[in-house]
Chemist: 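Could you have a look at this structure, given as structure tokens, before my questions?
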Amino acid sequence: MSLSLEVSPLVRQARDASARAASAARIRVVDESDLDRLRDVEALLITVWGTSPHGAPIPTDLLRSISHAGCNVTAAYSENGTLCGAAAAIVSPGNASMYSLIAGVLPGLADNGVGFALKQHQRAWALIRGIETMTWTFDPLVSRNARFNLTKLGAHADEYLENFYGLMEDDINAGDQSDRLVAVWPLTSRESVACSEGVPLATVLPGFGPADVRGIGPDGRPSVAESAGSLWCRVPTDIVALRGRDPEQAAAWRASVRDIFSTEFGRGRSAVGVTRGGWYRLETGGQQ
């Protein structure tokens, strides 16, 4: 994978945005390849996800291979040198896109900007190599991650994958089916550039009345509404806690959201943003 010696304005913008994001989070973000530090990355991922009968989410030897193959392993270190976040991604054949395998931040730091800095570093890494799209999968019921992906980064989703990974037995996903949305992040889009500068487009649920409601959620409250020319779909604010408290209702949410997204994606809609309250905005024709 050869790197161009000429730095485009977009690459400069991505590098600058990455540096600002790291500075704001008070961390240092680097490409990681050192074996001992990759062992620390494995340990961090276990802290975030727990383990399954198969072991760590991504073991050290695989992280080492990903880095050695010229793909991306990113690590974030606090001011005192403590590893506080990490991400790994591979490159698709022909360098057409970058596929993010995993990204995680130590518990308690989710609001400190570490995850955002990791993704901005990956964006710059990709653009330097002429890669203009990044994709990954995420659980549509985890509203916090969905908002980060679609609203804060500027990605969108129009593909729903049913039970994509099969049975998962890590601490976060155990007891639930592994349905996923496919996030597509166009790294050069106007929206992604704006997001990298810290000025994402606001996603605000408009007011709606009883006549606008199109569906009721498993909790008995409106979960689908049509208002202001958009379709809106609500998911639980904390599905992980709900799984532990009421697994039957969590399973009902899974089935309900699966049906809604599969149907609406089939009609040409895309998920283009998520509110703080967990409402997805679904638009015909993708990002507006």
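For reference, positions follow the sequence shown, starting with 1. Quick note: numbers below take in every heavy atom, side chains included, and nothing from hydrogens, waters or symmetry partners. The model shown is predicted, which means the values in this text are computed figures rather than measured ones.
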Chemist: Without swapping roles, check the side chain of Arg123 against the backbone of Ala17 for a donor-acceptor pair under 3.5 Å.
Modeler: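 No; judged by distance alone, with no hydrogens or angles, the pair does not exist.
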Chemist: Do Ile216 and Ile260 land in one hydrophobic cluster if side-chain heavy atoms of ILVMFWY residues count as linked below 4.5 Å?
Modeler: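 Cluster IDs for Ile216 and Ile260 differ.
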Chemist: If you measure from the Lys or Arg side-chain nitrogens to the Asp or Glu carboxylate oxygens, is any gap between Asp61 and Arg64 under 4.0 Å?
Modeler: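 No, this pair does not count.
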Chemist: Drop me the distance from Leu63's CG to Leu35's CG, to the nearest 0.5 angstrom.
Modeler: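 Separation between the atoms: 10.0 Å.
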Chemist: Working to the nearest 0.5 Å, report the span between CD1 of Ile90 and CG of Leu62.
Modeler: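 One gets 9.0 Å once the value is rounded to the nearest 0.5 Å.
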Chemist: Within the distance-only criterion (no hydrogens, no angle test), does the side chain of Thr275 pair as donor or acceptor with the backbone N or O of Gly277 below 3.5 angstrom?
Modeler: yes
Chemist: Would Lys119 pass as a cation-pi partner of Trp185, given that its NZ or CZ must be under 6.0 Å from the six-membered ring centre and within 45 degrees of the axis?
Modeler: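 That pair does not qualify as a cation-pi contact.
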Chemist: How close do Leu187 and Ala126 get, counting heavy atoms only, and between which atoms?
Modeler: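 Of all heavy-atom pairs spanning Leu187 and Ala126, the closest is CD1-CB, 3.5 Å.
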Chemist: Kindly work out whether a path of hydrophobic side-chain contacts (I/L/V/M/F/W/Y, heavy atoms less than 4.5 Å apart) joins Leu242 to Trp279.
Modeler: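 Not linked; separate clusters.
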Chemist: State, to 0.1 Å, how close Val105 and Val48 come at their nearest heavy-atom pair, and which atoms those are.
Modeler: O-CG2, 3.4 Å
Chemist: With a 3.5 Å distance limit and no angle check, can you tell me whether Asn163 reaches the backbone of Ser178 through a side-chain donor-acceptor pair?
Modeler: yes
Chemist: Kindly state each residue pair satisfying side-chain hydrogen bond (donor to acceptor under 3.5 Å, both in side chains) with at least one member in residues 253-265, sequence neighbours excluded.
Modeler: Asp139-Arg254, Glu162-Arg258, Asp176-Arg254, Gln177-Arg258, Asp179-Arg258, Glu264-Arg267, Glu264-Arg269
Chemist: Does any N or O in the side chain of Ser97 come within less than 3.5 Å of the main-chain N or O of Thr133, such that one atom is a donor and the other an acceptor?
Modeler: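 Not at all, since once roles are kept as given, no pair shorter than 3.5 Å links the two residues.
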Chemist: Are the side chain of Arg221 and the backbone N or O of Pro218 linked by a donor-acceptor pair below 3.5 Å?
Modeler: no
Chemist: Using only atom types and a distance under 3.5 Å, with no angle test, would you say the side chain of Asp34 pairs donor to acceptor with the backbone of Asp36?
Modeler: yes
Chemist: With sequence neighbours excluded, what pairs up with Arg28 under the salt bridge (charged side-chain N to carboxylate O under 4.0 Å, His left out) test?
Modeler: none
Chemist: Using a 4.5 Å cut-off on heavy atoms from C-beta on, say whether the side chain of Ile66 contacts that of Asn72.
Modeler: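 Of all side-chain heavy-atom pairs linking Ile66 with Asn72, none is under 4.5 Å.
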Chemist: Within the side chain of Arg37, is there an N or O that forms a donor-acceptor pair under 3.5 Å with the backbone of Ser33?
Modeler: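 No, the answer is negative, given that no donor and acceptor are paired below the 3.5 Å cut-off.
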Chemist: Should Asp238 and Arg144 count as side-chain neighbours, where that means a heavy-atom distance under 4.5 Å?
Modeler: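 No, every pair of side-chain atoms sits at 4.5 Å or beyond.
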Chemist: Grouping I, L, V, M, F, W and Y whenever their side-chain heavy atoms are under 4.5 Å apart, do Leu83 and Leu118 come out in a common cluster?
Modeler: yes
Chemist: Decide yes or no for Arg234 and Ser143: does some side-chain heavy atom of the first lie under 4.5 Å from some side-chain heavy atom of the second?
Modeler: no
Chemist: Going by side-chain hydrogen bond (donor to acceptor under 3.5 Å, both in side chains), name the pairs with one or both residues in residues 80-89, residues two or more places apart or in two chains.
Modeler: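 Passing the test, one end in residues 80-89: Ser78-Asn80, Asn80-Thr82.
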Chemist: What's the spacing between Tyr160 OH and Thr137 OG1 if we round to 0.5 Å?
Modeler: 12.0 Å
Chemist: Over all heavy atoms of both residues, which pair between Val114 and Gly85 is shortest? Give the atoms and the distance, please.
Modeler: CG1-CA, 4.3 Å
Chemist: Hey, is the main chain of Ala124 close enough, under 3.5 Å, to the side chain of Arg15 for a donor-acceptor pair?
Modeler: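 A pair under 3.5 Å: no.
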Chemist: Please evaluate residues Leu153 and Cys195 with respect to the criterion side-chain contact (heavy atoms from CB on, under 4.5 Å), reporting the C-alpha separation (whole Å), side-chain torsions for both, the decisive distance (0.1 Å), and the verdict.
Modeler: CA-CA 6 Å; Leu153 293 181; Cys195 287; 5.5 Å; no
Chemist: May I have the step-by-step check of side chain to side chain donor-acceptor pair (under 3.5 Å) for Glu42 and Thr60, ending in yes or no?
Modeler: CA-CA 6 Å; Glu42 176 188 319; Thr60 299; 2.6 Å; yes
Chemist: Evaluate whether atom CZ of Arg190 has more than 12 neighbouring non-hydrogen atoms of other residues, nucleotides or ligands under 6.0 angstrom away.
Modeler: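 No, not enclosed.
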Chemist: Ignoring hydrogens, what is the shortest heavy-atom contact between Ser100 and Ala89? Give both atom names and the distance.
Modeler: CA-CB, 3.8 Å
Chemist: Apply side-chain contact (heavy atoms from CB on, under 4.5 Å) to Val193 and Leu10, showing your working.
Modeler: CA-CA 9 Å; Val193 171; Leu10 188 60; 4.0 Å; yes
Chemist: Taking the six-membered ring of Trp125, is NZ or CZ of Arg129 closer than 6.0 Å to its centre and within 45° of its axis?
Modeler: yes
Chemist: For Thr47 versus Pro107, what's the shortest heavy-atom pair and its separation?
Modeler: CG2-CD, 4.0 Å
Chemist: Just verifying a value: how many Å separate Glu32 CD and Tyr77 OH, rounded to the nearest 0.5 Å?
Modeler: 3.5 Å
Chemist: Testing the basics here: between Ala22 and Val29, what is the closest heavy-atom pair and its distance to 0.1 Å?
Modeler: CB-CG2, 4.0 Å
Chemist: Side-chain contact test, heavy atoms from C-beta onward, threshold under 4.5 Å: evaluate it for Asn112 versus Ile27 and give yes or no.
Modeler: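 A side-chain contact is absent here, since even the closest heavy-atom pair is not under 4.5 Å.
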Chemist: Is any side-chain heavy atom of Ile102 closer than 4.5 Å to a side-chain heavy atom of Trp136?
Modeler: no
Chemist: Tell me if a side-chain donor or acceptor on Tyr280 pairs with a main-chain N or O of Pro140 at a distance below 3.5 Å.
Modeler: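 Judged by distance alone, yes, a pair lies under 3.5 Å.
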Chemist: Asn149 versus Leu181: any side-chain heavy-atom pair under 4.5 Å?
Modeler: no
Chemist: Short question: side chain of Thr151, backbone of Val274 - any donor-acceptor pair under 3.5 Å?
Modeler: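 Checked: pair present.
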Chemist: In the single-linkage hydrophobic clustering (I, L, V, M, F, W, Y; side-chain heavy atoms under 4.5 Å), do Leu231 and Val213 co-cluster?
Modeler: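 No, Leu231 and Val213 fall in different hydrophobic clusters.
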Chemist: Does Leu150 share a hydrophobic cluster with Trp232, counting links as ILVMFWY side-chain heavy atoms below 4.5 Å and allowing steps through other members?
Modeler: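 In one cluster: no.
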Chemist: Does the side chain of Arg20 come within less than 4.5 Å of Gln120's, by heavy atoms?
Modeler: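 Not touching, per the 4.5 Å side-chain cut-off.
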Chemist: Could you check Ser230 against Glu283 for side chain to side chain donor-acceptor pair (under 3.5 Å), going step by step and ending with a plain yes or no?
Modeler: CA-CA 6 Å; Ser230 298; Glu283 295 282 2; 2.5 Å; yes
Chemist: Hey, could you give me the SG/CG distance between Cys84 and Leu109, rounded to the nearest 0.5 Å?
Modeler: 6.0 Å
Chemist: Could you give the distance from CG (Leu205) to CZ (Arg281), rounded to the nearest 0.5 Å?
Modeler: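 So the CG of Leu205 and the CZ of Arg281 are separated by 11.0 Å.
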